[in-house]
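Just follow the structure's listing: the first ligand is 1, and inside any ligand the first atom is 1.
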Amino acid sequence: QYNFRDFSMCEATVQMLEKAAADGVETAFQRAAEMKPCPIGADSACCKHCFMGPCRLNPKDPYAKVGVCGATIDTIAARNFARMVASGCAAHTDHGMSMLDVFREVVNGRIADYKIKDEEKLRTVAESIGIETAGREVKEIALDLYHELERTYTQVEGEIPFVKRVPPKTVETWRKLGIVPRGSMREIMEIMHRTHIGVDQHYENIVKQCSRTALADGWGGSMVATEISDILFGTPKPLVGGVNMGFLKEDHVNVIVHGHEPNLFESMIDSVNDPALVEKAKEAGAAGINLVGMCCSGAEVLSRHGVPHVGNFMSTEVVIATGAVDAMAVDVQCIKQGLSTMAKCYGTKFFTTNPRAKIEGAEHIEFHEHTPRSCTDKVVQLAIERYKNRPGRVVIPQRRDMGIHGFSHEYISYMLGGTFRGSYVPLNENIINGRIRGLAGVVGCTNPRVRHDYVHVEVVKELIRNNVLVVQTGCSQIALAKAGLMKPDAAVLAGDGLAEVCETVGMPPVLGLGSCVDNSRILIACAEMVRTGGLGESIADLPVAGAAPEWMSEKAISIGHYFVASGLYTVFGVGFPAIKGTKFHKLLFEGLEELGCGKWGFAEDPIEMAHLMISHIDKKREALGIMG
Ligand code: NFS
């Protein structure tokens, strides 16, 4: 009944959609096709924050009515938006806090399975927030760093620690606007309070708190997650890595880790390499154990260790349809409940591991950082059991796409500057001389409301064709990796200037930075570009833009808004939860820029999206006097 090519441009996904359909199994693609979005909700014109409603305004005539309490469309849409920011920020900061918990226990010697792998990074991060490092023991520095970073969450007054990394001019704007985050718990609590019935009913004031909270995500929780993960598990360096479903192996026990917090994955790597478990797998008739990733934790270990990645958000269900997945272990975020049904259909062992996220129908094997292997070994053992009794036919799409992954903001400096003079000077110089027009961060989810991967791929192609260097994370990075753009020879698709830089340095025109929390690497790169000089004094001066072409999650809104509050122009695709022409919409799309921040943009069409970003980059170049 459906043409699956309309659903996805990913060959492997299409092939598995066909198989699933033949097996009588449906996925989020079909569910989306059958469930049209609510036209009122899609425009954020409904309010269900109290039980006098739920109230529905008319998106076609948004000022014609108000809610029972008198709330206008601007209040309603701003409150809905604020709660998305709060939820997205909470997800990233809770993830960051888990990493910080692990870090504390490692430093105190109570966790033996992980250690501080990257002492150099520990020192740089500590120094960046004013912690003395010269002549001090690693443990002393680490303890100080822990206590400082804890303030990111628990502080009730003052500024979160990583504000010290923000260019002074940008911080000045934030202080003037009253949006420097104090601590994420406080900011999230305040949003929840202010969006309760009868509290904050001025969209401008609500948006102010959105900015403060989103900044507590980008320069707070997300950045802590990235930096602590680098310190514990190593800062990524470019490596050749593979993506796509062809990395499942029919003759191996296949284990997938899916979710967001890297500790589960790190321990699973140890488990699958344990000789005793490998032996067990062989006794069961398998050639070995094959570990692969999905979604953001997959993107993270792809960057850090080169573990193959089999699919982004819209491929997670169909991967199971291969019949080859013996076990899937998940932790938190972006895990469809539909996976549980899918796993049942194909006999895949499906495990939740995090006390925060259980799923009906999934077996829960709790992961404890103090004894992580008790969880991961068990998952592997049960995967071996399933391998022995694979119930159905195994069909693995034979697509394997190689590319370079694992760029970090540190490595960008090293790569362009060389060991001798590692810095952002060459990047800035190439932007000033016009070989590189600007920088674009293309990130975020995939969403069945648009053709899977297509918008990501087309927007990035158009950007590099116009000499815009692209940095990527998360599901978007995987889409482009599948399209082959993470290889140095993809430079042939770039404009002359960008191609020349890529050829000289030997880098691809599209750089993968890792998972969604690693969007914080983009913020640090922007801060470095400002510090290096020649491109203005604040992040808002930079010829840089962001996009989430196929977004779907509340986290994406929080990310988009911290990009905007940091000074960047950020374009979203699919749809936008605000009505054009309303005051709230105008504030997000124009007003914030007048206040010295960035602004939101929207386009469904990828080429239009790319050109919105390019025009913005050109506008910034002109203001800097570096046109032509
Ligand atoms: Ni980020 Fe979206 Fe999820 Fe990762 Fe993928 S869906 S906002 S990219 S896995 S968090």
Considering heavy atoms of the protein only, find what lies nearest to atom 3 (Fe) of ligand 1 and give residue, atom and distance to 0.1 Å. Cys334 SG, 2.3 Å

Can you report which non-hydrogen protein atom sits closest to atom 8 (S) of ligand 1, along with the distance? Cys475 N, 3.2 Å

Under 4.0 Å, heavy atoms only, figure out whether ligand 1 is touched by the backbone of Met552, its side chain, both or neither. side chain

Taking heavy atoms and a distance under 4.0 Å, where does Cys296 meet ligand 1: side chain, backbone, both or neither? both

Under 4.0 Å from any heavy atom of Cys516, which atoms of ligand 1 are there? 1 (Ni), 7 (S), 8 (S), 10 (S)

Can you check which of Lys555, His92, Glu300, Gln477 brings a heavy atom nearest to atom 10 (S) of ligand 1? Lys555

Closest candidate by heavy atom, reference atom 9 (S) of ligand 1, pool Ala479, Cys295, Ser553: Cys295

Indicate yes or no: does Glu11 engage Arg5 in a salt bridge with an N to O separation below 4.0 Å. yes

For the pair Arg521 and Asp230, find out whether any cationic side-chain nitrogen is under 4.0 Å from an anionic carboxylate oxygen. yes

Just say parallel, tilted or perpendicular for the rings of Phe576 and Phe589, cut-offs at 30° and 60°. perpendicular

Assign the ring pair Tyr114 / Phe233 to parallel, tilted or perpendicular, where the plane angle (0 to 90°) is split at 30° and 60°. perpendicular

Partner of Val460 under side-chain contact (heavy atoms from CB on, under 4.5 Å), picked from Leu493, Val468, Val455, Leu485, is Leu485

Contact check: Cys445 to atom 1 (Ni) of ligand 1, N/O/S below 2.8 Å: no

Pi-cation contact, Tyr569 with Lys599 (under 6.0 Å, within 45°): yes

